[in-house]
Amino acid sequence: MNTIAFMNARLIDPATGYDETGNLLVENDIIADFGPTLFNEGAPSNAQIIECNGNVLCPGLIDMRVFTGEPGAEHRETLGSASQAAAAGGVTSIIVMPNTNPVIDDVALVDFIARRARDTAIVRVHPMAALTKGLRGEEMTEMGLLGEAGAVAFTDGTHYVTHPQIMRRALSYATFFNALIVQHAHEPALVADGVMTEGELATRLGLQGIPKAAEVIAIERDLRLVEITGGRYHVSQVTCIESIEAIRLAKAKGLSVTCGASAAHMTLNENDIGKYLTFCKLDPPLRREEDRQALVEAVADGTIDVVVSGHDPQDPETKRLPFQQAAFGAIGLETLLPATLALVHQEEITLSRLLQTMTSAPADLLGLKVGHLKKGAAADLTVMDINVPWILARDKLKSKSKNSPWDERRMQGRALHTMVGGKIVHSA
Amino acid sequence: MSAQTSTTDLTFPHRHLLGIDGLLPQEIKSILDLADGYVDQNRQANKKNSVLRGRTQINLFFEASTRTQSSFELAGKRLGADVMNMSVKNSSIKKGETLVDTATTLNAMHPDLLVVRHANSGAVELLARKVGCSVVNAGDGRHEHPTQALLDALTIRRRKGRLEGLIVAICGDIMHSRVARSNILLLNTMGARVRLVAPPTLLPADAERLGVEVFNDMEKGLEDADIVMMLRLQLERMNGSFVPSVREYYRYFGLDYDKLSVAHPEALIMHPGPMNRGVEIDSAVADDINRSVIREQVEMGVAVRMAVLDILSRNLPDGGVS
């Protein structure tokens with residue numbers, strides 16, 4: 001029997017607010033027991049001991065927005081390499097987007113992801129399937145069958161479903177399966193050739209702006225459709241004050257609406273683009289400082305439900321270009337935790353709330369049986385030193401692509417041990 | 001020659017000229033002072049000196065240009081440099097080579113000065129990071145076109161004797177204009193009062209945060225202006241996308257004598273060229289020998305570019321020794 005004892009840990013169950021110093025016992029692939037009084041008589045003699053030295057031990061993190069290059073662009077990232085990056089970042093479950101080549105819009109492709117993950121990944125991998133065939137925004141995919149095959153939600157990933165009738169039907173049909181529809185909220189006609197948020201800085205840099213209205217209009221339209229269909233709707237990333245207001249209002253009305261924010265949007269703003277730094281070219285774009293602050297507040301007060309990395313590997317071929325031509329996206333699996341821990345250190349958000357947005361909140365939203373510190377639950381766990389200072393060096397990153405906006409930045413806090421299903425998959 | 005006499009009080013501690021942004025008033029003044037001398041030199045029978053003798057200058061134009069490229073070519077040649085022109089037509093960028101690869105390839109040929117134009121904002125900056133020589137931005141996207149702003153400043157200064165305190169109205173397609181951005185930066189740095197006059201669809205976001213006054217109405221924007229700077233409206237933006245039609249644009253934003261009448265009686269008319277007569281400017285106004293300095297701008301262009309190449313070459317390894 002696989003028996004592992006975590007000793008002297010700060011045990012946190014974000015969902016309940018449980019926060020005690022104690023020990024935790026893993027037997028085979030489940031959490032057998034935990035608490036302050038466990039092992040008062042000493043740890044089991046057959047157990048492998050992991051001394052935690054008072055560091056945090058919590059459910060493994062779940063990253064709800066991850067892009068890989070598999071299938072189709074394996075030189076950027078495979079499910080295997082993404083899982084290595086995840087493990088190094090304390091992430092035990094990744095939700096991969098269907099924007100691959102071919103697109104994950106068919107049962108056979110969901111099976112392919114599951115099989116490749118089983119053979120090559122060291123963390124749990126769950127695909128979101130395409131909401132429309134080929135991401136074309138024209139015809140619905142087989143939500144029922146895809147769901148049975150293992151798709152945890154439906155999204156067109158980086159595409160907004162522009163046709164309101166298609167979106168209405170998708171939301172409506174999804175209620176039959178209680179399926180979650182995830183939208184990348186931007187109205188493409190307003191984004192057009194935009195490459196960064198619209199405003200003074202874009203004007204000074206001579207770059208085409210993306211107005212906040214492109215996001216807000218997209219969300220507000222969908223909220224009307226949610227109202228008439230009763231669908232379960234999630235905005236993958238909100239980035240500005242106006243979007244937060246719209247979501248807040250929808251929640252107050254009792255609609256089944258949730259949203260996410262990325263670690264990048266919570267900790268960086270448009271000024272990080274500096275002199276055309278393409279690693280900070282994101283979709284949706286980094287916004288102004290006041291939007292960033294509003295995001296952090298909205299995560300703290302629960303208006304924003306989940307925090308994601310938006311991990312999007314790009315190579316020099318797509319990033320070492322003039323800003324306008326460069327691809328959008330930044331990697332983030334290894335920085336999800338350390339980047340957002342900065343907000344805890346600055347006392348803008350509590351540790352427990354932050355962890356909730358990356359454990360129980362996404363788990364409950366997607367119906368995953370992880371994310372809680374519970375006896376009998378799967379032993380997906382992360383031990384983290386929330387204080388250790390370190391500097392991000394791109395050659396140390398596990399991801400195949402190195403496009404991190406935090407390159408060479410000082411970080412504070414990181415995962416020490418990552419356990420998936422009772423197996424240690426990473427130790428710093 | 002006067003250009004080489006007063007070199008001691010020149011200040012320009014930069015390797016590249018990538019934009020007006022970040023330049024100090026004294027540095028701008030240094031270029032203009034030096035250019036004044038080159039205006040004289042260019043009006044002589046012998047227009048050449050040997051400031052850049054032995055130096056190699058490559059003009060790398062990823063975007064078609066006639067006047068800027070020939071102006072830089074002439075400037076380099078009059079300073080004695082070996083000048084090579086590379087335009088996109090025969091460059092391997094068409095074959096899919098990236099900008100950075102092009103830069104490293106050219107760098108291996110040891111040029112001293114690289115003059116670059118590119119359709120993307122920031123592209124010249126990206127290229128400058130990958131080469132060992134001095135880089136002059138000859139226009140990047142809608143970001144900056146520093147030598148245009150400098151030649152405009154030289155034209156104004158020679159006519160008006162100063163830049164400080166002048167009211168300069170920049171009119172037309174501000175949104176897509178690198179000329180406007182560089183001019184705003186330069187004129188603000190030198191203490192002029194800048195106004196932007198354009199239809200709302202051709203103003204960039206938060207334009208008023210650039211330290212300028214913003215107008216939609218030509219009659220208000222041109223009031224008492226000392227300088228009226230017109231910008232070119234690209235053909236593809238004329239018919240419905242940004243403005244409804246040429247005739248409506250001309251009616252409200254085309255510079256004619258009627259609109260000009262509210263400006264200062266001695267107001268100068270400028271245009272970076274090439275002009276669309278009957279679109280942004282009335283033909284008679286453009287050709288008015290008392291008011292229009294559009295041809296003079298072209299002359300100043302060569303002198304300013306000589307000054308820029310000269311001043312940058314002084315910071316090159318072994319620079320300033322002749």
*Asks:* Give the interface residues of residues 70-79 of chain A toward chain B, defined by a heavy-atom separation under 4.5 Å.
*Replies:* none
*Asks:* Any heavy-atom pair between the side chains of B/Lys130 and A/Arg320 that's under 4.5 Å?
*Replies:* yes
*Asks:* Do B/Arg142 and A/Gln208 come within less than 4.5 Å of each other through their side chains, counting heavy atoms only?
*Replies:*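 In contact.
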*Asks:* Could you tell me whether A/Asn101 atom CG has more than 12 heavy atoms of other residues or ligands within 6.0 Å of it?
*Replies:*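 Yes, CG of A/Asn101 has more than 12 neighbouring heavy atoms, counting only those of other groups under 6.0 Å.
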*Asks:* Checking the side chain of A/Thr203 only, and the main-chain atoms of B/Asp206 only, is there a donor and an acceptor separated by less than 3.5 Å?
*Replies:* no
*Asks:* Quick check: closest heavy atoms across A/Pro322 and B/Ala123, and the distance to 0.1 Å?
*Replies:* CG-CB, 3.8 Å
*Asks:* Are more than 12 heavy atoms, taken from residues, nucleotides or ligands other than B/Gln234, located less than 6.0 Å from that residue's CD atom?
*Replies:*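 Count over threshold, so yes.
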*Asks:* Given the side-chain rings of B/His143 and A/Phe323, with only the six-membered ring counted for Trp, is the space between their centroids under 6.0 Å?
*Replies:* no
*Asks:* Could you tell me whether B/Asp140 and A/Lys275 have a side-chain N and a carboxylate O separated by less than 4.0 Å?
*Replies:* no
*Asks:* With a 4.5 Å heavy-atom cut-off (strictly below), which parts of residues 171-198 of chain B touch chain A? List them by number.
*Replies:*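 Listed by number, the contacting residues are B/Arg181, B/Leu185.
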*Asks:* Using every non-hydrogen atom in the two residues, find where B/Ser121 and A/Gln324 come nearest and quote the distance to one decimal.
*Replies:*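 Answer, listing the atom of B/Ser121 first, then A/Gln324: N-OE1, 4.2 Å.
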*Asks:* Apply side chain to side chain contact (heavy atoms under 4.5 Å, CB included) to B/Leu99 and A/Leu321, showing your working.
*Replies:* CA-CA 7 Å; B/Leu99 179 67; A/Leu321 293 169; 5.9 Å; no
*Asks:* Given a strict heavy-atom distance threshold of 4.5 Å, which part of B/Ala207 is in contact with chain A: side chain, backbone, both, or neither?
*Replies:*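 Contact with chain A: none, neither part.
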*Asks:* Mark yes when over 12 heavy atoms from residues, nucleotides or ligands other than A/Lys402 sit less than 6.0 Å from its NZ; otherwise mark no.
*Replies:*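 Result for NZ/A/Lys402: enclosed.
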*Asks:* Just wondering, are more than 12 heavy atoms of other shown residues or ligands nearer than 6.0 Å to CZ in A/Arg410?
*Replies:*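 Not more than 12 within 6.0 Å, no.
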*Asks:* Does any backbone or side-chain atom of B/Leu126 lie under 4.5 Å from a heavy atom of chain A? Answer side chain, backbone, both or neither.
*Replies:* side chain
*Asks:* Within a reach of under 6.0 Å around CZ of A/Arg224, are more than 12 heavy atoms found that belong to other residues, nucleotides or ligands?
*Replies:* no
